[in-house]
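Comments concern the structure below.
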Amino acid sequence: MRGVRVVLIGGTSNVGKSTVARAVADSLGFECLSTDALARHPGRPWRTPGREVPTHVAEHYRSLTVDELITSVLDHYVRLWPRIEGLITSRTTTSGAGATVAGLVLEGSALWPVRVAQLVTPHTAAVWLTADETVLRARVHAAGRHDQASPEERALMDTFLSRTLRFQALMLEAVDRLDLDRIDTGSGRSVENLADAVLETVDRQHAVGRSPTR
């Protein structure tokens with residue numbers, strides 16, 4: 001892959017970043033990390049086995065409008081960016097005696113296109129995953145068991161979905177304006193197919209997030 005040491009995979013929530021990133025990392029023999037591990041913003045507002053929705057998470061989605069939720073998460077990503085950039089830099093430089101550090105696949109919504117496009121770190125590639133509204137709605141509803149949820153739980157889930165869709169719309173505007181690479185995860189594509197698409201896209205990039213034909 002022409003010396004690429006860091007692969008960045010961005011996208012909105014529930015678009016498949018984590019699953020595809022793990023498959024890409026396995027193919028390359030790289031470590032796989034999420035930006036959520038660096039500093040977590042209020043997470044998904046639905047119950048999972050063994051986990052209730054924390055009070056502060058429910059209140060976050062209950063009390064803020066979609067515009068306020070977008071402002072909140074984007075502000076969080078601004079604060080998080082120096083740590084992300086430092087992590088990328090640490091993986092694209094050599095350690096003592098010229099040894100190469102472990103490669104990294106880093107995924108997360110915090111990989112905002114405008115900031116990623118400004119990276120000057122060598123050996124770094126980036127791609128953004130997308131999905132249409134029908135796919136994202138189905139995934140959020142399945143993850144939260146929307147059909148079994150209470151009216152209040154459904155309301156929180158639907159607010160999260162609205163934020164997810166708005167976030168993707170803003171992200172896509174930036175990706176297309178900057179002529180960056182993106183891959184649609186819908187149409188029944190397998191994880192293996194999507195991982196191959198990421199690898200092919202990364203391999204032809206001439207700058208972070210940009211292929212010669214774009």
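- Atom CG of residue D132 and atom CZ of residue R137 lie 10.5 Å apart, to the nearest 0.5 angstrom.
- Between V7 and E107 the shortest side-chain heavy-atom distance does not fall below 4.5 Å.
- A donor and an acceptor atom, one from each side chain of T130 and Q168, are nowhere located under 3.5 Å apart.
- L104 places a side-chain heavy atom less than 4.5 Å from the side chain of L87.
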- Task: Would you check, one step at a time, whether the test side-chain contact (heavy atoms from CB on, under 4.5 Å) holds for L8 with V127?
- Result: CA-CA 6 Å; L8 307 175; V127 65; over 6 Å; no

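- A heavy-atom distance below 4.5 Å is not found between the side chains of T71 and E68.
- A39 and L80 get closest at one heavy-atom pair: CB-CD1, 3.8 Å.
- Here the closest heavy-atom approach between residue A21 and residue I9 is recorded as CA-CD1, 3.8 Å.
- Closest approach of V208 to A126, counting heavy atoms only: CG1-CB, 4.0 Å.
- Atom CD of residue E85 and atom OG1 of residue T89 lie 5.5 Å apart, to the nearest 0.5 angstrom.
- Salt bridge status for R166 with D67: present, with a side-chain N to carboxylate O gap under 4.0 Å.
- Under a 3.5 Å cut-off, the side chain of H123 and the backbone N or O of T92 do not form any donor-acceptor pair.
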Original post:
Is there a side-chain contact (heavy atoms from CB on, under 4.5 Å) between H41 and H76 once you walk through the steps?
Top reply: CA-CA 7 Å; H41 195 256; H76 171 68; 3.5 Å; yes

Exercise. Report the C-alpha distance between D176 and R182 in whole Å, list the side-chain angles of each, state the deciding distance to 0.1 Å, and finish with yes or no for side-chain contact (heavy atoms from CB on, under 4.5 Å).
Key: CA-CA 9 Å; D176 291 345; R182 59 183 173 99; 2.9 Å; yes

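- For the salt bridge (Lys or Arg N to Asp or Glu O under 4.0 Å) with E153, the qualifying choice from R62, R145, R47 is R47, the only one to do so.
- Residue V24 is not grouped with residue V191 when hydrophobic side chains (ILVMFWY) are merged at heavy-atom distances under 4.5 angstrom, including chains of intermediate members.
- Aromatic pair W112/F167: ring centres closer than 6.0 Å.
- Taking each heavy atom of L111 and V116 in turn, the nearest pair found is C-CG2, 3.9 Å.
- Here OG of S34 is found 7.5 Å from CG of L106. Values are rounded to the nearest 0.5 Å.
- With a 4.5 Å cut-off on side-chain heavy atoms, K17 and S109 count as touching.
- Within the 4.5 Å cutoff, the side chain of R163 has heavy atoms near those of the V73 side chain.
- Atom-to-atom distance recorded for S162:OG and Y61:OH is 11.5 Å, nearest 0.5 angstrom.
- Looking only at distances, a side-chain donor or acceptor of R139 sits under 3.5 Å from a matching main-chain atom of N14.
- The closest side-chain heavy-atom distance from H146 to W46 is not below 4.5 Å.
- A 4.5 Å side-chain heavy-atom check between V202 and L199 finds every atom pair outside the cut-off.
- The pair D184-R189 does not count as a salt bridge, with every side-chain nitrogen at least 4.0 angstrom from each carboxylate oxygen.
- Salt-bridge formation is detected for the pair R91/E31: a Lys NZ or Arg NE/NH1/NH2 atom is positioned less than 4.0 Å from an Asp or Glu carboxylate oxygen.
- In this structure a side-chain-to-backbone donor-acceptor pair under 3.5 Å is missing from R44 to V140.
- Side-chain contact between P113 and R177 is absent, with no heavy-atom pair separated by less than 4.5 Å.
- D181 and S211 are linked by a side-chain donor-acceptor pair at a separation below 3.5 angstrom, with hydrogens and angles left out of the test.
- Residues T121 and T124 have side chains that bring a donor and an acceptor to within less than 3.5 angstrom of each other.
- Looking at E200 and R204, no side-chain N of the basic residue comes within less than 4.0 Å of a carboxylate O on the acidic one, giving no salt bridge.
- Across all non-hydrogen atoms, the minimal contact from W128 to G11 is CD1-N, 3.9 Å.
- Here L38 contributes atom CG and L33 contributes atom CG; the two are 7.5 Å apart, rounded to the nearest 0.5 Å.
- Interatomic distance, H141 NE2 to Q148 CD, rounded to the nearest 0.5 Å: 13.0 Å.
- When all heavy atoms are compared, the tightest approach of R154 to A149 is NE-O, 3.3 Å.
- Using a 4.5 Å cut-off between side-chain heavy atoms of Ile, Leu, Val, Met, Phe, Trp and Tyr, with links allowed through other members, L170 and V78 fall into different hydrophobic clusters.
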Checklist line | V15 vs T12, side-chain contact (heavy atoms from CB on, under 4.5 Å): CA-CA, chis, key distance, verdict | finding: CA-CA 6 Å; V15 79; T12 196; 4.3 Å; yes

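- Neither V135 nor F160 shares a network with the other; the hydrophobic side chains, linked directly or stepwise wherever heavy atoms of I, L, V, M, F, W or Y lie under 4.5 Å apart, form separate groups for each.
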